[in-house]
Amino acid sequence: MAILNILQYPNPRLRTTALPVVMVDKKVKQLLNDMFETMIDAKGIGLAATQVDVHQRVIVMDLSEDNSDPQVFINPEIEVLDEATQPYDEGCLSIPGFYETVERPCHVMISALDGEGIAFKKEAEGLLAVCIQHEIDHLEGKLFVDYLSPLKRQIIRKKMKKK
Ligand code: GNR
Ligand code: NI
C-alpha cells in the first residue's frame with residue numbers, strides 16, 4: 001500500500017482524458033488499494049485515478065462516516081434518469097479549501113465494473129449521484145470550478161497558485 005500524491009489545480013495533468021481499463025488485473029487492484037489509502041488519508045469521500053496522475057477510468061468512493069462502505073467504479077458510465085437538478089456545495093481534494101455550489105442531475109443510473117471486473121448497475125440519488133458525476137468529470141479532465149463563472153474560477157486559480 002502507498003499514499004499517492006494528489007495533483008493540485010491548476011496542474012494541466014488534471015485535464016487529461018482517462019482511457020478505459022482493459023482488464024482488472026493485479027496492477028489495477030494495487031491501484032485501487034493505493035487510491036483507497038490516499039482518499040482516506042486525505043479525508044475525502046471519493047477519488048478519481050486522474051487525481052493521482054493515473055489516466056485510467058478508475059474511481060474509489062466511501063460515503064460512510066467510518067470508511068465502512070468502500071465502492072469501486074471501473075469504466076463508469078451514467079445515464080441521466082431525471083433532468084431535474086440539485087444544488088450541492090462541492091469540494092475537491094485537488095482544490096483544497098474551496099467549496100462552491102454546483103447543480104447536477106439528481107437521479108442517474110451508473111453502469112460500471114466492480115473491483116473484480118464484474119459489471120453492475122446502480123441507481124443513484126443524493127450524495128452518490130453528486131459524487132459519481134464529480135468523479136466521472138475528473139476522468140474526462142473536468143473540474144467542479146468549470147461550472148462556475150470565469151471570474152470565480154480565476155479567483156480560485158490565483159489563490160491556488162499562491163499556495
Ligand atoms: O471529498 C470530497 N468531497 C466532496 C464533497 C462534495 C462533492 C464532491 C466531493 S468529492 C471530494 C473528493 C474529490 O475531490 N473527489 O474527486
Ligand atoms: Ni474532486
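Order of appearance sets the numbers: ligands from 1, and atoms from 1 within every ligand. Computed from a predicted structure; not experimentally measured. Below, each value reflects all heavy atoms present in this structure, side chains not excepted, and no hydrogens, waters or symmetry copies.
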Review point. Does H138, backbone or side chain, put an N or O under 3.5 Å from an N or O of ligand 1?
Key: yes
Numbered in order shown, the ligand 1 atoms found under 4.0 Å of a heavy atom of G44 are 1 (O)
Worksheet entry | Heavy-atom side-chain contact between L143 and Y9 under 4.5 Å | yes
Honestly, for Y88 the part within reach of ligand 1 (heavy atoms, under 4.0 Å) is side chain
Within the 4.0 Å heavy-atom cut-off, what H134 brings close to ligand 1 is side chain
A student checking ligand 1 against E90 at a 4.0 Å heavy-atom cut-off should list atoms 6 (C), 7 (C)
Under 4.0 Å between heavy atoms, the region of E135 that gets near ligand 1 turns out to be side chain
In this structure, the Ni ion (ligand 2) sits at the vertex of an angle between NE2 of H134 and SG of C92 that rounds to 10° as 110°
* Please tell me if the side chains of M109 and E77 come closer than 4.5 Å, counting only heavy atoms from C-beta onward. => no
### Query
Do you reckon L32 sits in the same ILVMFWY cluster as M39, going by side-chain contacts under 4.5 Å, direct or chained?
yes
Note to self: Distance alone, cut at 3.5 Å: any donor-acceptor contact between the side chains of Q8 and K163?
What the structure shows: no
closest protein heavy atom to atom 14 (O) of ligand 1 is L93 N, 2.8 Å
If you scan protein heavy atoms around atom 2 (C) of ligand 1, the nearest is I45 CG1, 3.5 Å
Any nitrogen or oxygen of G91, side chain or backbone, less than 3.5 Å from one on ligand 1? no
Notebook entry, point to check: Does G46, backbone or side chain, put an N or O under 3.5 Å from an N or O of ligand 1?
Noted result: yes
- Output yes when a side-chain donor or acceptor of N33 lies under 3.5 Å from a complementary backbone atom of M1, and no otherwise. no
Donor on one side chain, acceptor on other, H107 and Q86, under 3.5 Å
no
- Message: Between D34 and Q30, does the side-chain hydrogen bond (donor to acceptor under 3.5 Å, both in side chains) criterion hold? Intermediate values first, please.
- Response: CA-CA 6 Å; D34 290 346; Q30 180 64 55; 3.1 Å; yes
Minimal heavy-atom distance between M61 and F36, with the atoms involved, is O-CE2, 3.7 Å
Open item on the list: I'd like to know if the side chain of S94 pairs up with that of Q51 as donor and acceptor (distance under 3.5 Å, no hydrogens or angles considered).
Closed with: yes
For C92, the atoms of ligand 1 under 4.0 Å from one of its heavy atoms are 14 (O)
Discussion item. When you measure from the heavy atoms of D89 to every atom of ligand 1, does any distance fall below 4.0 Å?
Written reply: yes
